[in-house]
Engineer: 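I'd like to ask you about the structure that follows.
Not measured: the values here are computed from a predicted model. Residue numbering restarts at 1 for every chain, and letters A, B, ... go by the order of the sequence lines.
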There are 2 protein chains.
Amino acid sequence: MTTALTAKGRATRARIVESAAHVLREAGLAATLDDIRERSRTSKSQLFHYFPEGKDQLLLAVAQFEADRVLDDQQPHLGRLDTWEAWHNWRDAVVARYEAQGDTCPLGSLFQQIGRSTPGARAIVVELLRTWQEHLATGVRALRAGGLLPESYDVDGAAAAMLAGIQGGVSIMLATGRPEHLKASLDWNIARMREAAAVAP
Amino acid sequence: MTTALTAKGRATRARIVESAAHVLREAGLAATLDDIRERSRTSKSQLFHYFPEGKDQLLLAVAQFEADRVLDDQQPHLGRLDTWEAWHNWRDAVVARYEAQGDTCPLGSLFQQIGRSTPGARAIVVELLRTWQEHLATGVRALRAGGLLPESYDVDGAAAAMLAGIQGGVSIMLATGRPEHLKASLDWNIARMREAAAVAP
DNA sequence: CGTGATGTGGACCCGCCGGTCCAGCCACCG
DNA sequence: CGGTGGCTGGACCGGCGGGTCCACATCACG
């Protein structure tokens, strides 16, 4: 369908998505097509030219855009969790990223708006979470392979708990404005891993 | 302000709040005053009679209503976390509660809608989380007092991490439809506590 | 019973916002 | 240089939904 897009066209489309993402971060669900149109310096017709299926399609593109950023912002740490130092650096990166993001959750409000209705939104979130947890599990396995954790360590359980802790910490931060729970969760989970290391062979 | 409310008036008001909560669970942010009016078998004028400040005020009342239920649904377990058995019973109650709730988050969508704009919504969530964590901390202290955990155990860190894990597990469940992370988080956190118990004096 | 307050029904209003349409623009290609 | 096709501007529309208004019912109480 979207074959034949000149360079100019692609640039405009990208500008629309970025602007939409920006507006959505600020206004959340209150964001309107007119806000997006204004910020991207385009017109109504362009919005529907590039996203013929309307607002939902645009929001979906924004969701994908934001989802990609989530993991990118944690690199290069997330890809190299093979030492305790790396884990702590990653922890700092996560905290910094979400503190900078402040009290808006791009994916959260996006998901609220197009959640159950379209299957696409759920797929994006599922894929993001799956990849994220995969990275964490790989990191835990790297520690184990390096002799820093016992052979019997429950890798997937640890990764799942870690991911849940992050999500919860972020949720609470969005609701209360305070990052303490995010920090506490990360610190607590990492500390418990290091305890397992202390009794490791 | 709300002095002078006859028994009939109070009943109608309560019926409106309950109906609104029900509709919001199903429709989420798509819920309209007309849906609420229909379900509660009232009329537009009654909605504004009991909530003169409009929709936000009604949603706030619903938020309070839902927040109260969250902790009630965890009782009596949440108030008596003084044995390992009690902790596991509580864990089961939490999982059951959220599995029954399915993939809707009353407070979540409510907060999205009236979040930053009105201070009241944030206050409700903050208070809920504070009380919840307090209960957990009390439970951990009870274990410690019973000699099941070392004297030096980080009570508040454990409680904060546990709460974050629950929130994250629920968030993920809402997004993906699967309760695995909620269970994994609870189980992992409780198991780590029991490990500390194993080396306790 | 009468009377004033409280409770109730529903028609109406109006601004907002997603979506449509068409006329004109500009870039590339022969 | 002309024309074809993607690109752009903006006026316009329709209905949805929060909010208003007023007439009427009902009830508490002396």
Side-chain angles (χ1 to χ4, degrees), chain A residues 1-21 23-24 26-63 109-110 112-115 117-118 120-121, chain B residues 1-20 23-24 26-63 109-110 112-115 117-118 121:
Chain A
M1 59 172 255
T2 13
T3 46
L5 259 194
T6 69
K8 194 176 182 183
R10 262 180 281 117
T12 303
R13 193 193 139 106
R15 200 170 74 244
I16 290 174
V17 172
E18 280 172 40
S19 302
V23 170
L24 280 164
E26 289 191 335
L29 51 75
T32 167
L33 286 188
D34 231 50
D35 299 334
I36 297 170
R37 182 197 54 69
E38 185 178 351
R39 169 151 193 107
S40 60
R41 285 165 295 123
T42 54
S43 66
K44 232 25 173 339
S45 76
Q46 296 182 68
L47 260 42
F48 284 86
H49 179 69
Y50 293 103
F51 303 93
E53 289 166 41
K55 195 183 188 186
D56 281 1
Q57 191 185 5
L58 172 55
L59 292 185
L60 213 59
V62 174
S109 47
L110 247 38
Q112 285 281 345
Q113 194 142 1
I114 48 178
S117 54
T118 70
Chain B
M1 65 168 257
T2 11
T3 45
L5 258 193
T6 68
K8 194 177 184 185
R10 263 179 280 119
T12 303
R13 192 194 139 104
R15 200 171 73 245
I16 291 174
V17 172
E18 279 171 42
S19 303
V23 170
L24 280 165
E26 289 191 337
L29 52 73
T32 169
L33 287 186
D34 230 51
D35 299 334
I36 297 170
R37 182 196 53 70
E38 185 179 351
R39 171 151 192 106
S40 59
R41 285 164 296 122
T42 54
S43 66
K44 256 321 188 24
S45 75
Q46 294 182 70
L47 260 42
F48 285 85
H49 178 68
Y50 292 104
F51 303 94
E53 289 165 42
K55 195 183 188 187
D56 281 1
Q57 190 185 6
L58 172 55
L59 292 185
L60 212 59
V62 174
S109 47
L110 246 37
Q112 286 279 347
Q113 196 143 359
I114 47 177
S117 54
T118 69

Engineer: Please list, pair by pair, any protein nitrogen or oxygen found under 3.5 Å from a nitrogen or oxygen in nucleotides 10-16 of chain C.
Structural biologist:
residue, atom, partner, partner atom, Å
C:dG10, O6, B:Ser45, N, 3.3

Engineer: Distances under 3.5 Å between protein N/O atoms and the N/O atoms of nucleotides 25-30 of chain D, please, pair by pair.
Structural biologist:
none

Engineer: Quick one: A:Gln57 CD to C:dG18 P, roughly how many Å, whole number?
Structural biologist: 15 Å

Engineer: Please give, in whole Å, the distance from D:dC7 C1' to A:Leu5 CG?
Structural biologist: 10 Å

Engineer: Rounded to whole Å, please give me the gap between OH in B:Tyr50 and C1' in D:dG18.
Structural biologist: 20 Å

Engineer: Indicate the atoms forming the closest heavy-atom contact of A:Leu47 with A:Leu33, along with that distance.
Structural biologist: CD2-O, 3.7 Å

Engineer: Mind checking side chain to side chain donor-acceptor pair (under 3.5 Å) for B:Thr6 and listing every partner two or more places apart, or none if nothing turns up?
Structural biologist: none

Engineer: Which pairs, with at least one residue in residues 38-49 of chain B and sequence neighbours excluded, count as a salt bridge (charged side-chain N to carboxylate O under 4.0 Å, His left out)?
Structural biologist: none

Engineer: How many whole angstroms separate atom NE2 of B:His49 from atom P of C:dT6?
Structural biologist: 8 Å

Engineer: Between B:Leu47 (CG) and C:dG7 (C1'), how many Å, whole number?
Structural biologist: 13 Å

Engineer: Rounded to whole Å, please give me the gap between CD in B:Glu38 and P in D:dG17.
Structural biologist: 13 Å

Engineer: With B:Thr42, which residues qualify under side chain to side chain donor-acceptor pair (under 3.5 Å), at least two apart?
Structural biologist: B:Ser40

Engineer: What are the two closest heavy atoms between A:Ala31 and A:Leu24, and how far apart are they?
Structural biologist: CB-CD2, 3.7 Å

Engineer: To the nearest angstrom, how far is B:Ile36 atom CD1 from D:dG18 atom P?
Structural biologist: 8 Å

Engineer: Can you list everything that forms a side-chain contact (heavy atoms from CB on, under 4.5 Å) with B:Ser45? Sequence neighbours excluded, please.
Structural biologist: B:Ser43

Engineer: Does A:Thr32 place a side-chain N or O at less than 4.0 Å from the phosphate oxygens OP1/OP2 of C:dG18?
Structural biologist: yes

Engineer: Atom CG of A:Asp34 to atom P of C:dG18: distance rounded to whole Å?
Structural biologist: 8 Å

Engineer: Who are the side-chain contact (heavy atoms from CB on, under 4.5 Å) partners of B:Phe51, not counting sequence neighbours?
Structural biologist: B:Arg13, B:Ile16, B:Val17, B:Gln57, B:Leu58, B:Ala61

Engineer: Can you name the residues that form a side-chain contact (heavy atoms from CB on, under 4.5 Å) with B:Thr32, not counting sequence neighbours?
Structural biologist: B:Asp34, B:Asp35

